[in-house]
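Heads up, the thing below is written out as structure tokens.
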Amino acid sequence: MQKTIKKNVIIVGTGIHLGRPARLTIKPAPTNHGIVFKRLDVDHNNTLIKANFKNILSGELCTTLVNEEGISVKTVEHLLAAFSGLGISNALIEIDNEEIPILDGSSLKFAQALIDAGICEQDESLNFCSVKKSIKVVNKNSWVKFEPADNLILTVCIDYPNTCIGKQSLSLLISKDTFQKELCDNRTFCLKNDIKDMRSRGFALGGSLDNAIVVDGYSVINPKGLKRKDEFVRHKMLDALGDLALSGLPLLGHYKAFCAGHKLNNQLLIKLFSNHSNYKVSVPDNINSEKYVDHNFCSTSQNYRAVI
């Protein structure tokens, strides 16, 4: 079944790339609404941006969406991962700036706020998109691919030689439980040697040790270190989950990646939907939607506030 949240969620924070403060209000939405962003700071008749692969603008260091009027919202992947991981299919996200706040660099605080607000099941079924053919996108030594599967499985491998990251790999069958226990709290990361270049190109202007892991050779600079030894590959998997949410429907397939990023993830989705023989949209009999207490679209005047 489709799901939304029970009351408004307010989140305040800073964008990691633009370094600007932003305020989000995540609101309940009716069935078949999808996940939609609304820019409040732009004076235009159409400031809505649907979270859909058709609206992908770029994938360099983050995922950016744009509508037909050229109005954009960037760094959407961690919030989308929270929606996807918790099974929330309908929400309106009002934002007063161009970039989603980075918070702690993971999806944890987004997920906590959404759970605290309450998730309600709606009275309409939710279609699923099944991958029917193996497809692959390659860029030099990096690649991503989809293979048919009865569930959503993510298998990710990364390789950062001559660093403490090294080569890491992980495979998970994605569910609400695995998202909360294995993925949502893993933070974004970068190499110290790359920071100067990123900032010269207008990225990472809001980055700090509070919202990113910084690696200097074989050392992690952050005073508290890592949450897990393989936090790096887990965050790449979290990013992939957020990017794949732009399918607009829950995916059933095996996603595999080697040294990939947002750009390849975005290209894989576009390739998947470029040919109808690659996928099938249906309501599988073997998928049991988790039940929540409230079975109606509900909106209240109460807000859950998370100021970061």
Side-chain angles (χ1 to χ4, degrees), residues 3-30 33-44 46-52 55-57 61-67 71-120 179 184-185 187-188 205-208 210-212 238-239 241-243 245-246 248 262 297-308:
K3 298 182 180 73
T4 189
I5 54 175
K6 295 172 72 172
K7 57 185 178 182
N8 292 357
V9 171
I10 298 174
I11 296 176
V12 178
T14 301
I16 192 170
H17 292 304
L18 301 179
R20 301 172 189 163
R23 176 188 173 99
L24 295 183
T25 302
I26 306 172
K27 297 183 173 182
H33 178 276
I35 305 298
V36 178
F37 296 91
K38 182 178 182 179
R39 288 280 301 275
L40 300 179
D41 59 316
V42 178
D43 185 17
H44 196 281
N46 181 11
T47 61
L48 298 176
I49 310 161
K50 189 151 189 172
N52 189 276
N55 292 330
I56 292 171
L57 175 63
L61 299 181
C62 68
T63 292
T64 300
L65 302 174
V66 64
N67 69 9
I71 297 167
S72 64
V73 61
K74 67 191 306 158
T75 318
V76 297
E77 56 271 13
H78 299 167
L79 177 57
L80 291 181
F83 286 130
S84 178
L86 297 175
I88 298 170
S89 43
N90 299 303
L92 175 66
I93 306 103
E94 295 181 344
I95 181 170
D96 65 357
N97 213 313
E98 186 180 351
E99 187 176 20
I100 302 298
I102 191 62
L103 305 184
D104 72 341
S106 75
S107 291
L108 177 62
K109 294 182 179 181
F110 290 124
Q112 288 175 332
L114 293 169
I115 291 169
D116 289 345
I119 301 170
C120 46
F179 170 73
C184 75
D185 63 339
R187 299 162 294 168
T188 193
L205 301 180
S208 73
D210 292 326
N211 55 40
L238 181 71
D239 277 347
L241 182 64
D243 289 340
L246 293 173
H262 300 295
F297 166 63
C298 42
S299 178
T300 74
S301 60
Q302 293 179 303
N303 292 342
Y304 175 82
R305 183 174 177 84
V307 181
I308 310 299

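Values below: all heavy atoms of this structure, side chains included; hydrogens, waters and symmetry mates excluded. By convention here, the first residue in the shown sequence is residue 1. In this text, all values refer to a predicted model and were calculated from it rather than measured experimentally.
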Worksheet item: So Ile119 and Lys6, side-chain contact (heavy atoms from CB on, under 4.5 Å) or not? Walk me through it.
Response: CA-CA 6 Å; Ile119 301 170; Lys6 295 172 72 172; over 6 Å; no
Practice prompt. Could you please spell out the steps behind the side-chain contact (heavy atoms from CB on, under 4.5 Å) verdict for Ile26 and Leu79?
Written response: CA-CA 10 Å; Ile26 306 172; Leu79 177 57; 4.0 Å; yes
Item to complete: Given side-chain contact (heavy atoms from CB on, under 4.5 Å), test Lys109 with Ile11 step by step and report yes or no.
Response: CA-CA 9 Å; Lys109 294 182 179 181; Ile11 296 176; over 6 Å; no
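For the atom pair CG (Asp210) and CZ (Arg187), the distance works out to 10.0 Å, reported to the nearest 0.5 Å. How far NZ of Lys74 is from NE2 of His17: 7.0 Å, rounded to the nearest 0.5 Å. Distance CD1/Ile10 to NZ/Lys27: 9.0 Å, rounded to 0.5 Å. To the nearest 0.5 Å, atoms CD1 (Ile16) and NE2 (His78) are separated by 7.5 Å. Put simply, CG on Leu80 and CG on Asp239 are 11.0 Å apart, with the number rounded to the nearest 0.5 Å. Annotation: the span from Ile56 atom CD1 to Leu65 atom CG amounts to 7.0 Å, rounded to 0.5 Å.
Between Ala111 and Phe179, the closest heavy-atom pair is CB-CE2, 4.1 Å. Here the closest heavy-atom approach between residue Thr4 and residue Asn90 is recorded as OG1-O, 2.7 Å. The two atoms that bring Ile5 and Cys120 nearest to each other are O-SG, 3.7 Å, heavy atoms only. Closest approach of Ala245 to Ser84, counting heavy atoms only: CB-CB, 4.0 Å. Nearest heavy-atom pair across Ala29 and Leu92 is CB-N, 4.1 Å. Pairing each heavy atom of Ala22 with each of Asp96, the nearest pair is CA-OD1, 3.4 Å.
In this structure, the side chains of Ile93 and Ile35 come closer than 4.5 Å at one or more pairs of heavy atoms. Residues Ile95 and Lys38 form no side-chain contact, since every pair of their non-hydrogen atoms from C-beta on lies 4.5 Å or further apart.
Defined by atom type and a distance below 3.5 Å, a donor-acceptor pair is present between the side-chain atoms of Thr63 and Asp243.
Salt-bridge check for Glu99 with Arg20: failed, with every basic side-chain N at 4.0 Å or more from each acidic carboxylate O.
Panel note: side chain Asn55, backbone Lys50; a donor-acceptor pair is recorded below 3.5 Å. With hydrogens and angles disregarded, a donor-acceptor distance shorter than 3.5 Å links the side chain of Asn97 to the backbone of Pro21. With hydrogens and angles disregarded, a donor-acceptor distance shorter than 3.5 Å links the side chain of Asn67 to the backbone of Leu48. In this structure, Asn211 contributes its side chain and Ser208 its backbone to a donor-acceptor pair below 3.5 Å.
Considering Asp104, Ile100, Leu86 as possible partners of Phe110, the one that fulfils the side-chain contact (heavy atoms from CB on, under 4.5 Å) test is Ile100.
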